[in-house]
Amino acid sequence: MKKFLTTALFVLIGLTIFPQTQAYLTISVKAGNIPLEGVTVTYTCNWVSNLGNWSSWNSGLTDVNGELITPTGENLNNVTVEVTNVPWALQQLYGNTFYPAQHTFASLTQHEIIEFNTEQTSPIINILQPNSGNISISSGSSVPFEVDVTVGGGFSIDTVVFYLDGQLMPAIISSGSIYVPQTAWVPSTLDFYQNHTLVVSSTSSNMAVSTEDIIFYLDCSGTNCPNQLPVISWISPVPTTVNQSGGLVPLDIILSIVDFDGSVLSAKINIDGSSNNLLPGSNNTY
């Protein structure tokens with residue numbers, strides 16, 4: 001009797017450890033807020049075992065709510081969903097171009113809700129400030145960041161965030177569709193005379209994500225500007241690997257050193273731990 005109970009328990013545990021995963025789609029097709037009935041949606045997948053109620057090629061018509069609910073399936077890989085036919089009467093009213101053009105899933109393992117719309121449903125980001133690749137501010141001032149973010153299709157903007165050189169800066173609405181950082185960025189001394197990357201990311205209510213970025217150089221104007229370090233450029237020898245096949249001879253080392261907000265008082269080069277003075281030449285060379 002004990003042996004029978006042990007075997008039965010093992011079987012039940014086996015059924016629990018290996019559940020069958022089933023997935024399906026709820027597909028919505030709209031023109032703005034208007035659901036479109038009778039639109040043909042095609043959804044395909046790779047032919048693998050255990051497709052459930054799917055085949056490798058499937059299609060169906062949207063209902064009065066503009067929706068198509070697919071059958072469930074298992075092992076659904078490389079799933080592609082597209083709008084493939086729109087009744088002529090609907091084309092006359094709303095066109096036949098949808099956003100996005102298709103939805104794809106490398107592996108569909110659960111219920112997913114996806115939407116097609118004749119209006120652009122991804123956020124449109126327009127970076128208003130900075131509006132050029134070079135910004136000049138006075139020391140102690142903040143750099144203005146401002147973006148205009150909108151979305152069509154009857155959707156709304158859920159989130160807008162800034163990333164400055166990879167650092168998150170939460171955004172708030174300034175007015176209308178204009179967003180600014182929640183906390184203004186006041187550059188430190190080391191932030192001047194450098195290139196910076198601003199990335200803006202926005203997510204809409206249909207979970208569509210858009211990003212825009214701009215690279216700008218931060219310059220300083222007015223008084224009390226941080227000292228700008230000299231810019232040093234190697235001129236010769238080029239290449240820096242030198243083969244003196246005819247015997248050891250003196251080697252000229254030439255650099256360009258430019259101080260944009262002052263002058264160079266002296267310059268030195270360190271060779272194998274030994275410091276050597278560089279003599280000034282013409283055109284900022286040493």
Side-chain angles (χ1 to χ4, degrees), residues 106 124-148 160-171 179-202 209-286:
I124 300 173
I125 302 172
N126 181 23
I127 300 178
L128 303 177
Q129 294 191 73
N131 55 12
S132 68
N134 193 301
I135 299 175
S136 183
I137 64 169
S138 60
S139 180
S141 299
S142 62
V143 175
F145 295 148
E146 187 179 63
V147 296
D148 183 21
V160 175
V161 292
F162 294 85
Y163 293 94
L164 179 63
D165 298 330
Q167 298 297 312
L168 174 65
M169 301 176 67
Y179 290 79
V180 297
Q182 188 174 23
T183 303
W185 180 53
V186 179
S188 67
T189 298
L190 297 178
D191 291 321
F192 284 93
Y193 317 121
Q194 302 284 340
N195 282 319
H196 299 278
T197 301
L198 178 69
V199 178
V200 183
S201 178
S202 177
V209 179
S210 297
T211 60
E212 289 290 334
D213 63 83
I214 186 173
I215 298 175
F216 64 91
Y217 179 83
L218 182 60
D219 206 346
C220 185
S221 59
T223 60
N224 300 321
C225 284
N227 179 53
Q228 187 172 0
L229 296 177
V231 177
I232 303 174
S233 304
W234 186 273
I235 296 179
S236 68
V238 177
T240 53
T241 298
V242 180
N243 180 19
Q244 293 189 333
S245 58
L248 299 179
V249 296
L251 189 67
D252 286 334
I253 296 176
I254 305 175
L255 295 93
S256 169
I257 305 176
V258 181
D259 193 329
F260 291 100
D261 61 352
S263 59
V264 178
L265 297 181
S266 65
K268 295 182 178 182
I269 188 171
N270 189 294
I271 302 176
D272 294 335
S274 175
S275 179
N276 299 266
N277 290 322
L278 289 172
L279 302 178
S282 59
N283 300 321
N284 299 310
T285 59
Y286 288 80

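FYI, side chains are in, hydrogens and waters are out, and symmetry mates aren't considered; it's all heavy atoms of this structure.
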For residues 266-284, tabulate all N or O donor-acceptor pairs below 3.5 Å that involve a side-chain atom, not counting sequence neighbours.
from, atom 1, to, atom 2, distance (Å)
Asn270, OD1, Gly273, N, 3.0
Asn276, ND2, Ser274, O, 2.9

Could you label the plane-to-plane angle of the Phe145 and Trp185 rings as parallel, tilted or perpendicular, counting under 30° as parallel and over 60° as perpendicular? parallel

Quick one, Thr197 with Asn195, criterion side-chain contact (heavy atoms from CB on, under 4.5 Å). Give me CA distance, side-chain angles, the key distance, then yes/no. CA-CA 7 Å; Thr197 301; Asn195 282 319; over 6 Å; no

List in chain and number order the residues that pass side chain to side chain donor-acceptor pair (under 3.5 Å) with [X], two or more places apart in sequence or in another chain; answer none if no residue qualifies.
X	result
Ser142	none
Thr189	none
Asp165	His196
Asp213	none

Between [atom1] of [X] and [atom2] of [Y], what distance do you get to the nearest 0.5 Å?
X	Y	atom1	atom2	result
Phe216	Ser136	CZ	OG	12.5 Å
Tyr286	Ile254	OH	CD1	13.5 Å
Gln129	Leu198	CD	CG	11.5 Å

Do you know the tightest heavy-atom contact between [X] and [Y]?
X	Y	answer
Phe192	Pro226	CD1-CG, 3.7 Å
Thr183	Met169	O-CE, 3.6 Å
Pro130	Ile135	CB-CD1, 3.0 Å

Please list, one pair per line, the donor and acceptor atoms closer than 3.5 Å that link side chains of residues 233-248 to other protein atoms, with sequence neighbours excluded.
from, atom 1, to, atom 2, distance (Å)
Trp234, NE1, Pro237, O, 3.0
Gln244, OE1, Val249, N, 3.2
Gln244, NE2, Val249, O, 3.0

With side chains defined as the heavy atoms from C-beta onward, is the minimum distance between Asp259 and Ile257 less than 4.5 Å?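 No. Closest side-chain heavy atoms not under 4.5 Å.
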
Can you check side-chain contact (heavy atoms from CB on, under 4.5 Å) on Tyr193 and Asp219, steps first, answer last? CA-CA 5 Å; Tyr193 317 121; Asp219 206 346; 3.4 Å; yes

Go through the structure and list residues passing side-chain contact (heavy atoms from CB on, under 4.5 Å) with [X], not counting sequence neighbours.
X	answer
Pro170	Leu168, Gln182
Ser141	Ile137, Ser138
Asp148	Asn126, Leu128, Thr150, Ser177, Ile178

Before you tell me yes or no, could you show the steps for Leu164 and Phe162 under side-chain contact (heavy atoms from CB on, under 4.5 Å), namely the whole-Å CA-CA distance, both residues' side-chain angles and the distance that decides it to 0.1 Å? CA-CA 6 Å; Leu164 179 63; Phe162 294 85; over 6 Å; no

How far apart are the C-alpha atoms of Ser210 and Ile124, what are their side-chain angles, what is the distance that settles it, and do they pass the side-chain contact (heavy atoms from CB on, under 4.5 Å) test? CA-CA 7 Å; Ser210 297; Ile124 300 173; over 6 Å; no

Pairs meeting criterion disulfide (SG to SG under 2.5 Å) with involvement of residues 217-247, two or more places apart: Cys220-Cys225

